[in-house]
Amino acid sequence: MTVETVKPRVGEPPFAAGGTRLLGHGWKLLRDPLAFLTGLRDHGDVVRLRLGPKTVYAVTTPELTGAVALSPDWIIAGPLWESLESLLGKEGVATANGPLHRRQRRTIQPAFRLDAIPGYGPVMEEEVRALMARWRSGEVIDATAEAFRVACRISVRCLMHDTCNDERAERISGALATLFRGMYQRMVVPLGPLYRVPLPANREFNRALADLHLLVDEIVADRRASGQKPNDLLTALLEARDENGEPIGEQEIHDQVVAMLTAGDESVGSTVMSLLLVLTDHPDAADKIRAEVNSVAGDRPIAFEDVRKLTYTANVVVETMRLHPSVWILTRRAVTDTELGGYRIPAGADIVYSPYAIQRDARSFERHEEFDPERWLPERAKEVPKYAMKPFSVGNRKCPADHFSMAELTLLTAEAARTYSFEHASGSDTRPRIGITLRPRALKLRPTAR
């Protein structure tokens with residue numbers, strides 16, 4: 001199955017069942033999107049959906065999603081990115097296409113080179129140990145707040161040094177939580193004018209959006225006023241030049257900082273929550289992590305240099321991302337008439353696909369609903385179909401911070417499993433919270449010192 005830029009040979013794919021007259025399939029995507037998307041493959045490799053008045057194409061196989069990700073016939077666009085536009089803008093690396101995107105990748109890539117990652121090790125170690133020290137054995141923790149706090153602090157300190165203090169970090173996390181919740185609704189039910197009506201939910205959304213943009217402007221202004229030029233990503237943006245040798249514009253700098261904060265806070269924070277859930281629900285895996293850490297580090301503190309030796313711990317991280325992907329839905333747009341899976345896709349058409357559905361598909365994974373870190377042992381991982389598990393994407397949209405994020409998540413998981421065992425406390429709600437990102441709804445945990 002391939003994506004071809006040739007004259008289409010066949011007709012359109014069938015409509016998925018279950019659409020309503022007014023909302024189309026948007027109602028199902030609001031009520032139970034995970035079940036709906038997971039079941040679409042039973043109806044075809046490509047099916048049509050209606051979101052309000054708009055028709056989009058759902059792609060359900062790993063082969064086709066990989067082909068789309070690698071083909072120049074598809075760009076970052078569609079319902080997801082339209083809903084995110086008020087947050088991410090049009091000039092950041094997350095949303096730009098073509099030459100602008102390639103230049104932006106060149107600007108930020110040096111900060112995430114493999115040989116640059118160890119330079120962030122001391123900050124990651126310090127923040128993870130501080131997180132463990134904040135918790136008290138037997139006292140309930142709000143894992144949502146704790147996960148997003150540590151994710152935000154690591155990303156800000158590593159990529160923008162200390163330009164963002166604790167109060168700003170908490171405001172950023174709170175604003176993003178509100179925005180990502182509201183943006184999913186705007187994606188699946190695109191009723192634009194209604195979202196401008198001054199209802200309480202819309203006012204809350206607009207306040208969060210304004211506060212986040214204000215915070216970003218403050219961060220950039222503070223760095224300029226300080227006159228300091230530490231070797232970080234914010235300095236790289238402020239020193240960057242466009243194709244004509246001129247400084248890049250203020251809007252592009254703003255959008256790039258928002259993209260960094262969004263990925264470092266929302267995506268990583270959601271994954272940290274899922275990792276804490278896994279350590280709670282799978283104490284046997286936590287015990288194996290602890291044994292591995294002790295075999296590598298002994299009685300001394302875990303160091304960043306130990307991460308590459310923590311292979312079982314890394315496999316727990318990967319398996320957690322398979323079952324609980326923070327980025328669970330994506331969209332793209334065709335820039336030319338294309339054939340996809342044997343069906344005609346016209347130029348300008350949008351597609352949607354779900355890493356969550358693909359990563360839980362029984363056609364790709366034995367015991368697909370079970371948590372099994374050992375499926376990522378080398379001899380077993382080769383059995384997984386290509387593109388069935390690509391949590392950081394592929395091609396020119398591959399996350400530039402993949403090694404950074406894996407190191408951060410592995411270190412935190414190792415330290416948490418070594419220091420504490422966990423149980424659910426009153427009020428813990430592990431059901432998935434549906435937004436642009438996916439995470440447990442409300443995780444309340446009681447850590448017990450080991």
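Since the model is a prediction, treat every value here as computed from it, not as a measurement.
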So [Y] and [X], do their side chains get closer than 4.5 Å, heavy atoms only?
| X | Y | result |
| --- | --- | --- |
| V56 | T331 | no |
| I76 | R397 | yes |
| W74 | L340 | yes |
| P325 | Q359 | yes |
| Y57 | L49 | no |
| F404 | M124 | yes |
| I329 | I436 | no |
| H424 | L445 | yes |

Would you call [X] and [Y] a salt bridge, taking side-chain N to carboxylate O under 4.0 Å as the test?
| X | Y | result |
| --- | --- | --- |
| R223 | D232 | yes |
| R241 | E246 | no |
| R157 | E127 | yes |
| D350 | K54 | yes |
| E292 | K309 | no |
| E126 | R153 | no |

Closest approach of [X] to [Y] (non-hydrogen atoms, all atoms of both residues):
| X | Y | result |
| --- | --- | --- |
| Y356 | L438 | CD1-CD2, 3.7 Å |
| L330 | P355 | CD1-CG, 4.1 Å |
| I434 | P33 | CG2-CG, 3.6 Å |
| A297 | R418 | CB-NH2, 4.1 Å |
| P230 | T235 | O-OG1, 2.6 Å |
| L310 | A414 | CD1-CB, 3.8 Å |

Got a donor-acceptor contact below 3.5 angstrom from the [X] side chain to the [Y] backbone?
| X | Y | answer |
| --- | --- | --- |
| R171 | L215 | no |
| R450 | A417 | yes |
| W328 | G435 | yes |
| H25 | R50 | yes |
| S71 | A67 | no |
| R446 | V140 | no |
| T65 | P62 | yes |
| D429 | A442 | no |
| T107 | R103 | yes |
| R136 | A133 | yes |

Task: Residues forming a ring-ring contact (aromatic ring centres under 6.0 Å, His included) with H403, sequence neighbours excluded - done: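 H403: no ring-ring contact (aromatic ring centres under 6.0 Å, His included) contacts found.
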- [ ] Return the set of residues passing ring-ring contact (aromatic ring centres under 6.0 Å, His included) with F371 (not counting sequence neighbours), or none when no residue passes.
- [x] H282
Task: Candidate pair D265 and V156, rule side-chain contact (heavy atoms from CB on, under 4.5 Å), full reasoning - done: CA-CA 9 Å; D265 185 3; V156 166; over 6 Å; no
- [ ] Tell me, please, which residues at least two apart from D32 pass salt bridge (charged side-chain N to carboxylate O under 4.0 Å, His left out).
- [x] none
- [ ] With sequence neighbours excluded, tell me which residues meet side-chain hydrogen bond (donor to acceptor under 3.5 Å, both in side chains) with E204.
- [x] none
Sequence neighbours left out, cut at 3.5 Å: what donor-acceptor pairs do the side chains of residues 141-148 make with other protein atoms?
{"unit_1": "D142", "atom_1": "OD1", "unit_2": "T144", "atom_2": "N", "d": "3.1"}
{"unit_1": "D142", "atom_1": "OD1", "unit_2": "A145", "atom_2": "N", "d": "3.4"}
{"unit_1": "E146", "atom_1": "OE1", "unit_2": "R134", "atom_2": "NE", "d": "3.2"}
{"unit_1": "E146", "atom_1": "OE1", "unit_2": "W135", "atom_2": "NE1", "d": "2.8"}
{"unit_1": "E146", "atom_1": "OE2", "unit_2": "R134", "atom_2": "NH2", "d": "2.7"}

Task: Donor on one side chain, acceptor on other, D255 and Q251, under 3.5 Å - done: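 Per modelled atom types, D255 and Q251 side chains form a pair under 3.5 Å.
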TODO: Tell me yes or no: between the side chains of S364 and D361, is some donor less than 3.5 Å from an acceptor?
DONE: no
Would you mind writing out the side-chain donor-acceptor pairs for residues 270-279 within the sub-3.5 Å range, not counting sequence neighbours?
{"unit_1": "S270", "atom_1": "OG", "unit_2": "E266", "atom_2": "O", "d": "2.8"}
{"unit_1": "T271", "atom_1": "OG1", "unit_2": "S267", "atom_2": "O", "d": "3.1"}
{"unit_1": "S274", "atom_1": "OG", "unit_2": "S270", "atom_2": "O", "d": "3.4"}

Point-to-point distance, once rounded to the nearest 0.5 Å, from [atom1] of [X] to [atom2] of [Y]:
| X | Y | atom1 | atom2 | answer |
| --- | --- | --- | --- | --- |
| I358 | L64 | CD1 | CG | 9.0 Å |
| E415 | I289 | CD | CD1 | 12.0 Å |
| T410 | Y312 | OG1 | OH | 13.0 Å |
| N206 | T178 | CG | OG1 | 11.5 Å |
| S421 | R290 | OG | CZ | 9.0 Å |
| N396 | N97 | CG | CG | 8.5 Å |

Task: side chain to side chain contact (heavy atoms under 4.5 Å, CB included) partner of M260, chosen from L237, V216, I108 - done: L237
TODO: Please check if atom CZ in R308 has more than 12 non-hydrogen atoms from other residues, nucleotides or ligands closer than 6.0 Å.
DONE: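 Open.
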- [ ] Answer yes or no: are there more than 12 heavy-atom neighbours, outside K398 itself, under 6.0 Å from its atom NZ?
- [x]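 Count over threshold, so yes.
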TODO: Begin with the C-alpha distance, continue with both residues' side-chain angles, and end with the deciding distance and a verdict on side-chain contact (heavy atoms from CB on, under 4.5 Å) for V307 and T313.
DONE: CA-CA 9 Å; V307 166; T313 308; over 6 Å; no
Open item on the list: Is the terminal nitrogen or CZ of R322 (NZ for Lys, CZ for Arg) located under 6.0 angstrom from the six-membered ring centre of F365 and within 45° of that ring's axis?
Closed with: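 Positive - R322 is close enough to the ring of F365 and near enough to its axis.
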TODO: Please lay out, stage by stage, how E63 and K386 fare under the test salt bridge (Lys or Arg N to Asp or Glu O under 4.0 Å).
DONE: CA-CA 7 Å; E63 298 96 325; K386 194 174 184 180; over 6 Å; no
TODO: For salt bridge (Lys or Arg N to Asp or Glu O under 4.0 Å), just list the numbers for R300 and D306, CA-CA rounded to whole Å, side-chain angles, deciding distance to a tenth of an Å, and then say yes or no.
DONE: CA-CA 11 Å; R300 65 173 172 78; D306 297 324; 2.9 Å; yes
TODO: Evaluate the criterion side-chain contact (heavy atoms from CB on, under 4.5 Å) for residue pair T60 and Y353; output intermediate values, then yes/no.
DONE: CA-CA 6 Å; T60 67; Y353 60 96; over 6 Å; no
